[in-house]
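Below is one structure, written out as structure tokens; the observations come after it.
The chains referred to below are lettered A, B, ... by the order of the sequence lines, with proteins before strands, and numbering in each begins at 1.
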Amino acid sequence: MREQILSIIEKNSRIDLRELAVILGAEEIDIVNELKVLEEEGVICGYHTMIDWEKTSIEKVTALIEVRITPQRGQGYDKIAERIYKYPEVNSVYLISGGYDLMVTLEGKSLKAVSSFVSDKLSTLDGVLSTATHFILKKYKDHGTILTKKYEDTREKITP
Amino acid sequence: MRNPLADKVVEVKPSGIRKFFDIVSEMEDAISLGVGEPDFDTPWHIRDEGIYSLEKGRTFYTSNAGLKELRGEIANYIKRTQNITYDPDHEILVTVGGSEAIDLVFRAMVNPGDEVLIPQPSFVSYEPCAILADAVPVIIKLKEEDEFRLTAQELREAITDKTKILVLPFPNNPTGAIMERKDLEEIAEVIREKDIFVLTDEIYAELTYKDKHVSIASLPGMQERTILINGFSKAYAMTGWRLGYACAPRVIMEQMVKIHQFAIMCAPTTSQYAAVEAIKNGDDDVASMRESYNQRRRFLMNAFREMGLKCFEPYGAFYVFPCIREFGMSSEEFAERLLNEEKVAVVPGTAFGDCGEGFLRISYAYSLENLKIALDKINCFITRLRNEKRV
């Protein structure tokens with residue numbers, strides 16, 4: 001049941017708990033308890049809202065930044081990752097395999113705000129060897145949701 | 001001018017669904033729960049294989065029976081799901097949807113006057129296809145108290161000297177009924193004893209919400225007298241690709257292939273390439289769609305319980321078949337009023353046979369959001385009907 005709960009609320013965290021119980025054929029109290037456990041265990045880390053900021057009048061710029069760093073003795077990449085993720089404008093920090101070490105996603109009010117963060121804060125950190133900044137021009141799909149098109153039911157209305 | 005038409009065809013009743021379809025399609029903002037096909041798009045990796053086959057220029061006929069690779073994969077699939085062995089070279093035919101296979105079976109097997117047993121409520125094609133093949137359709141009326149299963153007694157009572165084929169349409173459209181192993185064993189005993197054949201239409205085989213589907217062909221002594229029909233439409237959400245298949249003993253299959261060869265030539269090539277991908281790598285897609293259907297099924301059953309609307313719990317396909325007898329009107333009347341007053345379209349049970357009177361087919365091949373809106377409206381409607389009755 002755990003896996004089913006997670007896969008449903010991953011797509012719709014606002015689902016009514018009574019309804020969740022109905023569609024999983026479970027008791028509501030069991031769902032409530034399971035969610036509590038999942039939260040306590042840190043399996044569920046938060047309930048966020050997916051927003052397509054493009055469709056609002058609010059300006060936002062998102063950048064993906066590749067960061068190459070020198071790992072530090074005894075602490076590997078963790079210490080420097082921590083120094084980066086503590087900035088509130090940083091959305092996510094991943095350690096990755098391949099040509100560079102950290103993938104940082106950043107949200108800023110403007111191109112200028114993002115580039116000054118990169119040049120002033122990020123690239124001046126001890127241990128950061130180089131950065132490469134990619135600005136996102138258009139989001140087609142995010143968190144498994146296609147943003148460019150709305151679902152349309154094109155089936156015939158009545159079929160045998 | 002001479003009569004341009006064949007009497008036999010003219011006498012076939014037009015589909016009961018057609019009439020309703022015409023009313024609904026006039027209505028712009030109707031919410032429909034009347035669709036007999038999945039709401040999911042065909043999974044992208046399957047569509048991609050179809051596109052890729054076109055890019056590679058695979059635009060020619062395949063062999064009459066279908067791509068060898070596809071027939072091989074169908075044989076593997078039936079082996080792994082039902083533990084039945086079919087020879088892909090002589091016992092499997094790829095058809096234009098399961099519907100073509102139904103037509104072929106009657107045309108290949110029936111002599112004029114032979115009786116074909118058709119349990120109803122069931123899919124709209126069996127009866128007309130049997131008539132067009134000069135068979136005499138004999139209807140077995142399934143009952144709600146049996147959860148719309150076919151019982152051995154009902155079967156035994158319907159069999160005469162002329163009976164040749166039993167149609168076994170489970171998991172069932174429109175009732176959602178299934179036949180489990182013990183039910184099938186009882187039926188199989190009668191079939192062997194009376195020496196008749198079975199057309200088992202298992203197009204919804206992947207969509208069961210209890211135990212896994214059991215094919216009657218897997219029971220002892222049954223493969224030699226069974227024609228198994230399945231396809232890609234429901235399991236992989238591929239209705240528009242028009243691709244099904246039949247598995248049958250060689251002696252029957254040879255004649256089915258002959259008709260198919262002259263009437264159809266071969267099933268669409270693009271669809272066949274896509275189907276190879278579906279049957280090889282589509283299990284996860286099927287599992288996740290099945291889970292979604294099951295959630296919606298539970299949602300509907302709960303909603304009916306809360307409304308106090310009588311409905312037996314179906315464990316197959318994507319339909320529920322609630323009973324509306326308490327309102328004292330015919331299925332058609334109910335469906336028309338529901339459409340006119342609440343703009344919700346459902347299909348009257350009578351579209352699937354006279355014994356569907358008193359029932360409605362409601363499809364849950366819709367998103368939960370959609371079902372919620374529609375169910376609220378149905379609830380308003382029946383509350384109003386109950387109040388009317390009281391006054």
Next on the checklist: If I measure from the heavy atoms of chain A, does B:Asn173 come under 4.5 Å with its side chain, its backbone, both, or neither?
Outcome noted: side chain

Item to check | Side chain / backbone / both / neither for B:Ala365 at chain A, heavy atoms under 4.5 Å | outcome: both

Next on the checklist: Using 30° and 60° as the class boundaries, would you call the ring planes of A:Phe117 and A:Tyr87 parallel, tilted or perpendicular?
Outcome noted: perpendicular

Next on the checklist: Please confirm whether the ring centroid of B:Phe359 lies under 6.0 Å from the ring centroid of B:Phe334.
Outcome noted: no

Next on the checklist: Can you tell me which portion of B:Leu368 sits under 4.5 Å from chain A's heavy atoms? Options are side chain, backbone, both or neither.
Outcome noted: side chain

Item to check | Ring center gap for B:Tyr126 and B:Phe106 short of 6.0 angstrom | outcome: no

Checklist entry - Is it true that the NZ or CZ of A:Arg155 lies under 6.0 Å from the centre of B:Tyr366's six-membered ring and within 45 degrees of the ring axis? => result yes

Checklist entry - So which part of B:Phe299 gets closer than 4.5 Å to some heavy atom of chain A, the side chain, the backbone, both or neither? => result both

Item to check | Heavy-atom pair count under 4.5 Å with chain B, highest-scoring of A:Leu24, A:Thr154, A:Asp153 | outcome: A:Leu24

Checklist entry - Counting N and O atoms only, with roles assigned by atom type, does the side chain of B:Ser363 sit under 3.5 Å from a partner on the main chain of B:Tyr319, one being a donor and the other an acceptor? => result no

Item to check | Centroid-centroid under 6.0 Å between B:Phe123 and B:Phe352 rings | outcome: no

Next on the checklist: Need one label for B:Val35: side chain, backbone, both or neither, based on atoms under 4.5 Å from any heavy atom in chain A.
Outcome noted: both

Checklist entry - Non-hydrogen atoms of chain A under 4.5 Å away: do they reach the side chain of B:Arg297, the backbone, both or neither? => result neither

